[in-house]
Amino acid sequence: MPIHPSAVVEPGAQIDSTAQIGPFCVIGPNVVIGPRVVLKSHVVVSGRTEIGEDTLIYPFSVIGEIPQDLKFKGEETQLVIGKRNRIREHVTMNTGTEGGGGMTRVGDDGLFMAGCHVAHDVHVGDRVIIVNSVALGGHCVIEDDVIVGGLSGIHQWVRVGRGAIIGALSMVSRDVIPHGLVQGPRGELDGLNLVGLKRRGVSRADITALRAAFQMLAQGEGTFHDRVERLGQETSSDYVRQIVDFVLAETDRSFLTPR
């Protein structure tokens, strides 16, 4: 049976005929659930929330509740979740706020492990792995292919560049360059995510270019931004260009810089 008889589905909810709503789930009136989505049991989906096809949500997750932000005054905002995500037990994802653009967005093919939190106005890319009990603060941007290790915290407004990896038990309070490796209790940039680069089939030439770029960022002359601008003038690697574009983009945060 696609919708279990013990589930509560409020009038107005749009649920695809191929979706499965398990026992004791609660679905709000402004929810849109796509094809082949599975809510296993005891899942609450509220707010103006969209869940993309083939996403699987495990028991006791709360998806689309209002932000944990005292500035939130009940404005109509959204949570949009992409395709093929796996959202494990006790995960919480909040809708956006007016001050943050009104939308929390999760990309495709993500894994959100038990007990993690995605706060208001966060933007999560594709193929992201958020490990157990991680907290993503409001307005964070987590780009594609990022891994955040267990029990870590990402401070509000921080950007984590594509392909970066955050070690377990880290507190990240500044922006992380693409493909960076961050570890330690106060989150220090300690190298490149070489394992992730190799797993994704990045060429040896690009990895060598990234290593040289990291050394230049760590030891070159001038300020950090001076070194990045010089990299942009000298590099022919698309992967190094990702770092340059990330650093030179607009941000309210400072950066983790190489030790």
Would you say the side-chain atoms of Thr208 pair up with the backbone N or O of Arg204, donor to acceptor, closer than 3.5 Å?
yes
Heavy-atom distance under 4.5 Å between the side chains of Ile129 and Val146, does that happen here?
no
Side chain to side chain contact (heavy atoms under 4.5 Å, CB included) between Val141 and Val160, worked out:
CA-CA 6 Å; Val141 176; Val160 180; over 6 Å; no
Same apolar cluster (I L V M F W Y, side chains within < 4.5 Å links), Ile165/Leu197
no
When rounded to the nearest 0.5 angstrom, what distance separates NE2 in His179 from CD1 in Ile207?
10.0 Å
Has the side chain of Thr55 got a donor or acceptor atom that lies under 3.5 Å from a matching backbone atom of Asn85?
yes
Gln183-Asp190 side chain donor-acceptor pair, cut-off 3.5 Å
yes
Closest non-hydrogen contact found for Asp126 with Asp144 is N-OD1, 2.8 Å
Is there a side chain to side chain contact (heavy atoms under 4.5 Å, CB included) between Leu194 and Arg211 once you walk through the steps?
CA-CA 9 Å; Leu194 296 174; Arg211 281 178 148 163; 3.2 Å; yes
Sequence neighbours excluded, which residues qualify as side chain to side chain contact (heavy atoms under 4.5 Å, CB included) partners of Thr251?
Arg159, Asp175, Arg253, Phe255
Calculate, to the nearest 0.5 Å, the distance between atoms CG and NE2 belonging to Leu136 and His123 respectively.
12.5 Å
Between His155 and Met171, is there a side-chain heavy-atom distance shorter than 4.5 Å?
yes
Measure the shortest side-chain to side-chain distance between Ile51 and Val32 over non-hydrogen atoms and say whether it is less than 4.5 angstrom.
no
Treating Ile, Leu, Val, Met, Phe, Trp and Tyr as nodes and any side-chain heavy-atom pair under 4.5 angstrom as an edge, say whether Val80 and Leu39 lie in one connected cluster.
no
Tell me, please, which residues at least two apart from Glu234 pass side chain to side chain contact (heavy atoms under 4.5 Å, CB included).
Met216, Arg230
How long is the straight-line distance from CD1 of Ile66 back to OG of Ser46, given to the nearest 0.5 Å?
9.0 Å
Distance-only, no hydrogens or angles: does the Thr257 side chain make a donor-acceptor pair with backbone N or O of Leu217 under 3.5 Å?
no
How about Asp121 and Thr97: does a side-chain donor come under 3.5 Å of a side-chain acceptor?
yes
Atom CZ of Arg186 and atom OG of Ser170: how far apart are they, to the nearest 0.5 Å?
10.0 Å
Could you walk me through whether Leu56 and Asp54 pass the side chain to side chain contact (heavy atoms under 4.5 Å, CB included) check?
CA-CA 6 Å; Leu56 175 59; Asp54 297 304; over 6 Å; no
Work out which heavy atom in Ile3 is nearest to a heavy atom in Val9; give both atom names and the distance.
CG2-CG2, 4.1 Å
Value for CZ (Arg241) from CG (Asp206), rounded to nearest 0.5 Å, stands at 13.0 Å
Any ion pair linking Arg48 and Glu76 (charged N to carboxylate O, less than 4.0 Å)?
yes
Assess whether side chain to side chain contact (heavy atoms under 4.5 Å, CB included) is satisfied between Val44 and Ile63, documenting all intermediate values.
CA-CA 6 Å; Val44 175; Ile63 308 299; over 6 Å; no
Donor-acceptor pair between His225 and Thr223 side chains, under 3.5 angstrom:
no
Strictly below 4.0 Å, N to O, side chains only: are Asp109 and Arg84 in salt-bridge contact?
yes
With sequence neighbours left out, which residue pairs that include part of residues 23-78 fulfil the ring-ring contact (aromatic ring centres under 6.0 Å, His included) condition?
Phe24-His42, His42-Phe60, Phe60-His90
What are the two closest heavy atoms between Gly28 and Ala13, and how far apart are they?
O-CB, 3.3 Å
Are the side chains of Val131 and Val148 in contact, using a 4.5 Å heavy-atom criterion?
no
Minimum heavy-atom separation for Gly161 and Glu143, please, with both atom names.
CA-OE1, 3.5 Å
If you look at every heavy atom in Pro67 and Gly96, which pair is closest and at what distance?
CG-O, 3.3 Å
Give a yes or no on this: more than 12 heavy atoms of other residues, nucleotides or ligands lie within 6.0 Å of atom CZ of Arg105.
no
Under 6.0 Å between ring centres, would you say that holds for His139 and His120?
yes
Following the transitive rule for hydrophobic clusters with a side-chain heavy-atom cut-off under 4.5 Å over Ile, Leu, Val, Met, Phe, Trp and Tyr, establish whether Val128 and Met113 coincide in one cluster.
no
Going by atom types alone, do Gln68 and His117 pair a side-chain donor with an acceptor below 3.5 Å?
yes
Tell me, do Val106 and Met93 make a side-chain contact under 4.5 Å, heavy atoms counted?
yes
With a 6.0 Å cut-off (strictly less than), is the heavy-atom count around CD of Glu75, excluding the residue itself, greater than 12?
yes
How close do Ser152 and Gly167 get, heavy atom to heavy atom, and via which atoms?
OG-O, 2.9 Å
Per side chain to side chain contact (heavy atoms under 4.5 Å, CB included), Ile166 is matched among Val172, Ile130, Leu181 by Val172
Quick check: is Val176 connected to Leu231 through a chain of hydrophobic side chains (ILVMFWY, heavy atoms under 4.5 Å apart)?
yes
Note, Phe224 side chain near Pro258 side chain (heavy atom, < 4.5 Å)
yes
Treating Thr18 as the side-chain partner and Pro35 as the backbone partner, does any N or O pair qualify as donor plus acceptor under 3.5 Å?
no
Got a second to check how far Arg36's CZ is from Asp16's CG, nearest 0.5 Å?
7.5 Å
Say whether Ile147 and Ile87 are linked into one hydrophobic cluster, either directly or through other cluster members, by side-chain heavy-atom distances under 4.5 angstrom.
no
